[in-house]
Each structure stands twice: as structure tokens, then as C-alpha cells.
Protein chains: 2
Amino acid sequence: MLLRIAFLGFGNVGQALAALLQHKMPTLETQHNLQVQIVGVATGSHGLAINPAGLDTTDLLSIADSGGSYDVLHQGQPISSDDVPMFLARVPADLLFESIPTSPHDGQPAYAFDYGALERGLHVVTANKGPVAFGYRDLTALARRKGVGFFFESTLMDGAPVLATGREGLPGSEIKRIRGIFNSTTNYILTRMEAEDLTFDEALSAAQAIGIAETDPSLDIDGWDSAIKTVIAANVLMGADLRPSDVKREGIRGVTRHRIRELASNGQRLRLMCYAERDADGQVTARVQPEPVPADGELAAVQGTTSIVDFETDTLRRLSIVEHDPGPDTTAYGMFADMLNILRGRYRTAFTKE
Amino acid sequence: MLLRIAFLGFGNVGQALAALLQHKMPTLETQHNLQVQIVGVATGSHGLAINPAGLDTTDLLSIADSGGSYDVLHQGQPISSDDVPMFLARVPADLLFESIPTSPHDGQPAYAFDYGALERGLHVVTANKGPVAFGYRDLTALARRKGVGFFFESTLMDGAPVLATGREGLPGSEIKRIRGIFNSTTNYILTRMEAEDLTFDEALSAAQAIGIAETDPSLDIDGWDSAIKTVIAANVLMGADLRPSDVKREGIRGVTRHRIRELASNGQRLRLMCYAERDADGQVTARVQPEPVPADGELAAVQGTTSIVDFETDTLRRLSIVEHDPGPDTTAYGMFADMLNILRGRYRTAFTKE
């Protein structure tokens with residue numbers, strides 16, 4: 001079987017994914033009789049290319065390395081270098097991997113592009129939180145009408161199978177509460193502060209120095225990234241219909257070295273906790289806030305860029321999933337797993353006796 | 001859609017499962033148009049019953065409570081009260097839930113009964129470790145030939161989606177190492193010893209007093225139960241073909257209060273760790289042994305009857321799953337989830353483009 005794929009966005013994650021696909025190709029072919037062919041790549045500032053006969057992964061990665069344009073690889077009728085809608089209308093793919101820069105305030109333009117690709121009948125796999133946080137119901141309903149998959153495992157905990165566990169591991173359960181530590185940057189800052197007695201500014205600079213925090217770190221440290229992820233968890237796994245602005249949100253900007261010391265002397269650590277909870281009326285509410293946790297417990301054991309999610313359900317009292325040491329390659333793996341799960345029809349959930 | 005089910009074994013777990021099915025029935029019918037009907041129950045010492053028109057859950061649970069025989073509910077041609085093969089040959093079910101007492105040394109008689117039910121074309125869901133530890137390849141191959149499901153989530157970590165995560169959450173990954181704390185009884189004993197400065201015998205008695213340890217606790221404390229579970233993890237998730245006797249095994253019988261104290265003063269705790277590891281030649285080896293772990297880490301945070309599994313893969317560096325506070329109801333949930341996953345065709349793994 002031949003699966004034709006296209007990349008919309010080809011940054012760190014897209015490149016890691018292309019490399020992973022190249023690495024896994026022999027196994028997929030031997031074990032599953034599956035061939036994957038890249039037929040298109042479109043980027044924001046490095047042009048785009050379609051080739052129905054297949055683009056070579058090594059060529060793509062070498063252009064990515066050298067900072068050149070993909071336009072040189074384009075075959076067939078010319079497309080303007082920045083005409084993404086035309087790219088999406090023409091690329092002869094079965095599945096689109098989308099990972100483009102996106103506004104955290106409305107999920108655009110990824111939301112519109114994902115919509116367009118689904119509308120055309122392509123499976124869509126995204127690592128973008130925006131379209132999911134702002135359009136999960138809309139995009140999933142469209143995918144269902146079109147009979148294709150819309151998966152996004154990498155939007156939460158970097159490719160760890162958190163959404164897959166909700167979808168496949170907890171059938172027939174009602175999730176009553178989700179609790180997590182979802183943002184690596186803030187957790188890294190807090191654990192550096194506690195381990196080395198640093199001020200917030202010192203720990204933030206340390207995180208920026210090794211590339212964990214952005215130059216403008218406000219999305220992370222003010223809890224917005226955590227809020228977006230909490231919304232994804234609540235909407236996908238608890239049937240809520242929240243937007244990031246519905247989340248009661250407090251970040252870690254005000255955390256002092258003094259407070260960290262005081263908690264430590266009291267046998268506690270501070271963690272930026274995310275909650276989605278169903279209240280007695282069935283409504284789901286969400287909040288993000290720094291919170292003291294026992295120093296000898298599992299939440300304090302979540303250090304550095306590690307993340308955790310905790311499900312409380314009506315069937316399993318409590319289940320935790322922990323992901324250690326994430327990176328662009330683990331985000332890429334989440335997209336790769338989504339592709340395989342789409343090929344196994346995991347977006348279809350109907351019950352049948354045989 | 002109507003799914004007809006039968007129970008082989010109707011102890012704590014079977015009863016909890018019947019109660020869970022009764023509780024979930026309205027939701028399954030409303031949300032999934034699924035009706036589940038119990039058409040047979042067979043037990044070792046309380047008789048058996050088949051009724052093609054359906055057995056009433058409340059009747060079954062009330063006989064279970066009163067210690068009576070299910071024979072009184074039987075309809076149609078009589079079957080001798082202990083003739084399980086005849087029961088399996090006649091019961092008009094689509095799916096068998098099997099949870100009967102079984103030898104930990106060869107998996108019988110559950111292995112033979114599961115084989116017979118699959119041979120007849122029934123889906124089989126078991127909570128029994130024996131048939132899986134001794135017959136995973138054999139039973140799975142038979143299920144595949146017959147086009148039915150053979151699932152057993154509850155054999156490892158009491159219904160937490162550990163096998164589902166391996167099956168659904170890690171496609172295309174190679175698991176290089178599995179590490180876990182799989183046995184609740186020994187973990188309970190070790191954490192009581194460390195928290196209350198008890199001797200091994202005192203902690204064992206405490207565990208027996210509240211029903212966590214058996215009167216003959218040797219299967220647990222000598223590491224045999226851990227070894228069986230490690231074999232299941234290795235064979236199902238790493239493609240190994242081990243038997244419990246292949247596991248290098250050391251239990252906790254020799255652990256002294258002195259050693260626990262000494263470790264504590266050194267910032268450590270003791271845990272009965274299970275390992276399955278692939279060596280450089282691709283061979284999988286397994287071992288079970290008590291091992292010191294850092295007091296502030298995630299393994300020390302696994303206390304009481306909680307259990308943990310850790311996957312190291314070629315794609316995600318490390319992923320942990322923790323189950324808290326298990327019981328017969330969580331084991332029952334694992335079987336319920338297996339049933340729903342079979343109905344969703346999750347035993348089929350072939351890739352297709354649509």
C-alpha cells in the first residue's frame with residue numbers, strides 16, 4: 001500500500017518527522033507492506049514544492065539545513081511560492097502533516113488550512129495546539145462527514161500517548177477530573193529555582209540560554225500555554241466546549257526564591273498545576289495555578305521538562321501518565337503514531353460484532 | 001446491536017464486572033446502540049446456567065451473595081453442574097469473560113478453556129495471567145485464524161490501559177526496556193515496613209489482615225506473580241517468547257527491618273523491580289529483584305498497592321503509567337474495556353488507506 005503525504009510547515013518538528021519516516025520506512029514496508037511517499041512540502045518562508053512522483057527526503061533535509069528554497073524541487077504547473085491554499089488544492093496527498101506557526105489567540109491560520117485539507121478529503125495530523133483548542137468540535141465533525149481522520153496527539157505532552165489513552169484505553173469511562181503539569185518551560189524554571197536556589201529571573205535566563213524558554217516567554221510563564229493544553233484535554237477527553245480564555249489562569253511570574261525556600265522547609269515543592277473538573281451539574285471548568293505539592297510525592301518527582309497527566313474516572317480511580325525528556329523528535333513521533341493510527345482506522349469508533 | 005456474553009468464573013471479579021455492565025447499560029444503549037445480554041454463567045463450585053433468552057444480572061448477583069447454585073436458572077437441555085466443556089460447546093454467546101482459578105505453573109485449566117472458546121469462534125476476554133503467560137502466541141494465533149479477539153488487559157496492573165497503550169499508543173515503536181513495580185502485595189509490605197518500622201513478618205501479617213496478602217503468600221513474596229506479569233509484558237509488547245521460569249527471580253522474603261532503615265538513612269527506599277530488556281543481540285531477558293531507589297523519585301512515590309510501568313522505546317525516551325488504588329472493580333473495568341475494544345475491532349491491526 002502506498003500512502004502519499006504532504007507537509008505544511010517544515011521546521012524542527014517537520015524535519016524530525018521526515019527523518020523518522022525515512023528511518024522507519026524499511027520496517028513499515030517489511031512488517032506492514034506500507035510505503036510512504038512525500039508528494040509536497042509548503043513552508044512560510046522557504047517556498048513550496050509538489051512532485052507527484054515523490055520528493056526525496058534527503059533533498060528536503062539538505063535544503064532545510066542550507067536554508068534554501070523548496071521551490072527548486074517543484075514539478076508541474078507553477079504555484080506562487082506563498083500560495084498555501086493553491087498548494088492544498090493541488091497536492092496529490094492522502095494525508096497532510098501540518099505544523100506551521102499559529103496564533104495562540106485564535107488558532108489561525110492553521111485552523112483554516114486544516115479545515116480546507118479536511119474539506120478536500122485528506123486525513124490531517126497536526127502538532128498545532130491552536131486549531132484544536134479553538135476548533136476541535138468543528139474540525140472533528142468535518143473529518144467525520146468526510147470519512148477521514150483528524151488526529152493531534154502531539155498537542156499535549158509532546159507525542160506521549162495521552163489522547164490515544166483517552167480514546168483507546170478508557171472506553172466506556174467517564175473522566176471526572178484531569179490534573180496535569182503540561183508546560184515544560186515553567187516546570188524547568190521551578191525545578192531550577194528549587195534545586196539551585198535561583199531567583200525567577202536567573203532560572204528564566206538559564207532556560208532561555210539552553211533554548212527551553214522563548215525570547216518572549218510570556219505564553220509559557222503566564223500560564224497561557226498550560227491553559228490551551230488544558231482546554232484540549234477538557235474538550236477532547238471530557239466532552240467540554242471551552243476556549244482558552246475560559247480557563248482561570250495564574251502563571252509563575254510572581255514566584256519568589258523566598259517562597260520556594262519556605263515551601264522546601266515545609267517539605268513541599270511548587271508546581272504549575274492544570275485542572276479540568278466536572279462539577280455536580282456536569283459542567284466542566286478549568287484552571288491553571290502554581291500549587292504546593294508534597295516533596296516525596298509523584299508530582300514533586302516531575303522535574304525539569306518532564307510532564308504528567310492524571311485521570312480520575314468513574315471506573316479507574318486514578319491513572320497517571322508521565323513523559324520524560326521530550327524534544328522535537330518525540331513531537332514528531334506523536335505525528336507518526338497518528339498517521340499509523342489513522343491507517344488502522346482508529347478514527348472510526350463504531351461498535352460492530354465482527 | 002445485541003452482544004451475547006457468558007461468564008466462565010463468577011467470583012469477585014466476575015461479579016464486579018456484571019455489576020459494572022448493569023450500571024453502564026443505559027449509556028451503552030443510548031450512546032452506542034449496544035445491548036449486552038448475559039446468556040450463560042459457569043462456576044467451579046456453584047453450578048452453571050445457560051439461558052438463550054438472557055439471565056438477569058440481579059438474580060445472578062443475589063445467588064452469588066447467598067452462596068446458592070446457578071443451576072436453578074438453567075434453561076433447556078440439562079448439563080451436568082461441572083461440565084465446563086459442554087457449557088462452552090453449547091452457550092450461545094458471542095464473547096466469553098473468563099476468570100477462573102488457574103495454576104500459576106502451567107496456566108491450566110483456563111488455557112484449555114480459552115483455547116476451546118476461541119476455537120468455537122467466540123471472542124475471549126480473560127483476567128487470568130496463566131493462559132497469557134503460558135500461551136500468548138498460541139492463543140493469539142488461534143484468535144487471528146478465527147477472526148476474533150483475545151484480550152487480557154486486566155492481567156497486568158488490574159485494568160489500567162497498559163497493554164492498550166502498547167498496542168494503540170506506541171505504533172511503529174520498538175520497546176527496548178520495560179521496568180515496573182507489578183505486585184501490589186509486596187509493594188504494600190515494603191511501604192508498611194518503611195513507614196512504620198515494621199519487621200517483614202509484621203508487615204506481612206498486616207497485609208493478610210486486610211486481605212491484600214493470601215494465606216499462602218509465597219506466589220507474591222517470592223516474586224512469582226511479578227515474574228508472570230513480566231513475562232506477559234515481554235511477550236506481548238516486546239515480541240519475546242519467555243516463560244515464567246525463564247525469569248531471574250528474587251523475592252522480598254529476606255528483607256530485614258535493618259536493611260530498610262539503613263536505606264532510609266541513605267535517602268533510599270526498597271522496591272521489588274521487574275525488568276524486561278532487549279540486549280545487543282536482540283534477545284529479551286527478564287528479571288525480578290528488590291532494589292534501592294531514590295527516596296525523592298517517582299519509584300519511591302509508588303506506595304501501597306499502587307503500581308507503575310515504564311517503557312523505554314526507540315521513539316519516546318521514557319513513558320510511565322501509574323495505577324493508583326486498584327481493586328476487583330478496576331480489574332473488572334479492564335475486562336469491560338477489552339469487550340468494547342473488541343467491538344471496535346481493535347484486535348485488527350492491518351493498515352488500510354480508508
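First the proteins, then the strands, lettered A, B, ... as listed; each starts at 1. Computed from a predicted model, the values in this text were never measured in an experiment.
- For chain B, the nearby parts of A337(A) are the backbone and the side chain; heavy atoms of each come within less than 4.5 Å.
- With chain A as partner, the option from D329(B), I308(B), L34(B), V302(B) having the largest number of non-hydrogen pairs under 4.5 angstrom is D329(B).
- If you measure heavy-atom distances from D338(A) to chain B, you find no contacts under 4.5 Å at all.
- Of the two parts of P326(A), only the backbone, made up of N, CA, C and O, holds a non-hydrogen atom closer than 4.5 Å to a non-hydrogen atom of chain B.
- Annotation: maximal heavy-atom pairing with chain A below 4.5 Å, among G345(B), G334(B), A301(B), occurs at A301(B).
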Working for salt bridge (charged side-chain N to carboxylate O under 4.0 Å, His left out), residues R317(B) and D158(A):
CA-CA 11 Å; R317(B) 275 174 283 284; D158(A) 317 278; over 6 Å; no
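- When heavy atoms are compared at a cutoff of 4.5 Å, T313(B) does not approach chain A at all.
- For a residue to count as touching a neighbouring chain, one of its non-hydrogen atoms must lie under 4.5 Å from one of that chain's; by this rule T306(A) does not touch chain B.
- Heavy atoms of T330(A) lying under 4.5 Å from chain B belong to its backbone as well as its side chain.
- Heavy atoms of other residues, nucleotides or ligands lying less than 6.0 angstrom from CZ of R144(A) number 12 at most.
- For A300(B), no part sits under 4.5 Å from any heavy atom of chain A, backbone or side chain.
- Of the candidates H324(B), E323(B), E298(B), H324(B) is the only one forming a side chain to side chain donor-acceptor pair (under 3.5 Å) with S320(A).
- At a 4.5 Å heavy-atom cutoff, the contact between A164(A) and chain B is made by side-chain atoms alone.
- Smallest separation of non-hydrogen atoms from P161(B) and L316(A): CD-CD1, 3.8 Å.
- The contact between L340(A) and chain B is made by backbone and side chain atoms together, counting heavy-atom distances below 4.5 Å.
- Annotation: the span from D314(B) atom CG to T27(A) atom OG1 amounts to 8.5 Å, rounded to 0.5 Å.
- The shortest non-hydrogen separation linking R344(A) to P171(B) is NH2-CB, 3.8 Å.
- Under a cut-off of 6.0 angstrom, the local environment of CG in N12(B) is sparse, with at most 12 non-hydrogen atoms contributed by other residues, nucleotides or ligands.
- Heavy atoms only, all atoms of each residue included: G169(B) and Y333(A) are closest at O-OH, 3.8 Å.
- Nearest heavy-atom pair, K24(B) versus G172(A), reported as atom, atom and distance to 0.1 Å: NZ-O, 2.8 Å.
- Residue L170(A) touches chain B through both its backbone and its side chain, counting heavy-atom pairs closer than 4.5 Å.
- Top candidate by heavy-atom pairs under 4.5 Å with chain B, chosen from L299(A), N33(A), I321(A), is I321(A).
- Remark: the backbone N or O of E168(B) is paired with a side-chain donor or acceptor of N341(A) at under 3.5 angstrom.
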